[in-house]
Amino acid sequence: MKAFHIINLLLIVALLVVICVAEEVVVSNSLRDIQDRCLMIEQLVERDETLKTMNMVLAVDNLEDNWNKDESKLCFMVHHKNIQEIGQEIAKIKQYIAGDDIEAFRVSIECIKMYCHGYLHFMGANLHNVL
């Protein structure tokens with residue numbers, strides 16, 4: 001009977017570890033994808049020196065679409081208020097495109113990258129999450 005309890009405990013711990021690793025993979029992939037898209041957008045700004053281009057609008061729309069898709073997955077794993085800043089910054093950069101405000105646009109892109117980088121550090125799987 002004692003062996004049955006030990007086996008059950010080990011199965012529960014293994015399940016928790018699998019869940020935490022899956023969470024880490026989903027969160028890391030989503031945030032890295034957003035960071036990569038921000039880097040691509042920065043390269044477009046440096047190349048074109050204007051925000052009012054079709055490539056820029058499409059890149060920002062793709063960023064927003066991917067963020068909306070990823071945000072719905074992330075909301076199952078983290079509190080929505082912890083990640084809403086990225087969505088707010090994306091909304092701001094869309095406004096900056098309309099006004100062709102390159103400096104404010106660059107600041108918002110840097111904020112998005114900073115949020116992603118910060119979230120990658122504290123949303124990962126660790127022993128505390130398992131316990």
side-chain contact (heavy atoms from CB on, under 4.5 Å) with W67: of I90, D33, N62, only one passes, and it is I90
One should read off an interatomic distance between L31 CG and K113 NZ, to the nearest 0.5 angstrom, of 14.5 Å
Check: Does the K52 side chain pair with the main chain of A98, one donor and one acceptor, at a distance under 3.5 Å?
Finding: yes
When you group the ILVMFWY residues by side-chain heavy-atom contacts below 4.5 Å and let the links chain together, are L44 and V57 in the same group?
yes
When rounded to the nearest 0.5 Å, the distance separating CG of D61 from CG of L63 is 9.5 Å
message: Same cluster or not: V60 versus I102, using hydrophobic residues (I, L, V, M, F, W, Y) connected whenever any side-chain heavy atoms lie under 4.5 Å apart?
response: yes
Interatomic distance, CE@M114 vs CD1@I86, rounded to 0.5 Å, equals 9.5 Å
- Message: Is any side-chain heavy atom of M56 closer than 4.5 Å to one of I97?
- Response: yes
Taken to the nearest 0.5 Å, the spacing of D48 CG from T53 OG1 works out to 4.5 Å
Using a distance-only test with no angle check, is there a side-chain donor-acceptor pair under 3.5 angstrom linking E85 and Y119?
yes
Original post:
Stepwise, does the side chain to side chain contact (heavy atoms under 4.5 Å, CB included) test hold for R37 with N66?
Top reply: CA-CA 9 Å; R37 290 179 186 281; N66 284 328; 2.4 Å; yes
Could you walk me through whether N68 and E71 pass side chain to side chain contact (heavy atoms under 4.5 Å, CB included), step by step? CA-CA 5 Å; N68 289 336; E71 186 179 24; 4.1 Å; yes
Stepwise, does the side chain to side chain contact (heavy atoms under 4.5 Å, CB included) test hold for I41 with I109? CA-CA 8 Å; I41 290 171; I109 291 291; 4.0 Å; yes
Open item on the list: Run the side chain to side chain contact (heavy atoms under 4.5 Å, CB included) test on K69 and D65 for me, step by step, so that the C-alpha distance in whole Å, both residues' side-chain angles and the decisive distance to 0.1 Å come before the verdict.
Closed with: CA-CA 6 Å; K69 179 185 70 167; D65 290 341; over 6 Å; no
Value for SG (C111) from CZ (R106), rounded to nearest 0.5 Å, stands at 14.5 Å
query = Would you say the side chain of Q35 lies within less than 4.5 Å of the side chain of R32, judging by non-hydrogen atoms?
reply = yes
d(I93 CD1, I112 CD1) to nearest 0.5 Å is 4.5 Å
For Y96 and S108 the tightest heavy-atom approach is CE1-OG, 3.2 Å
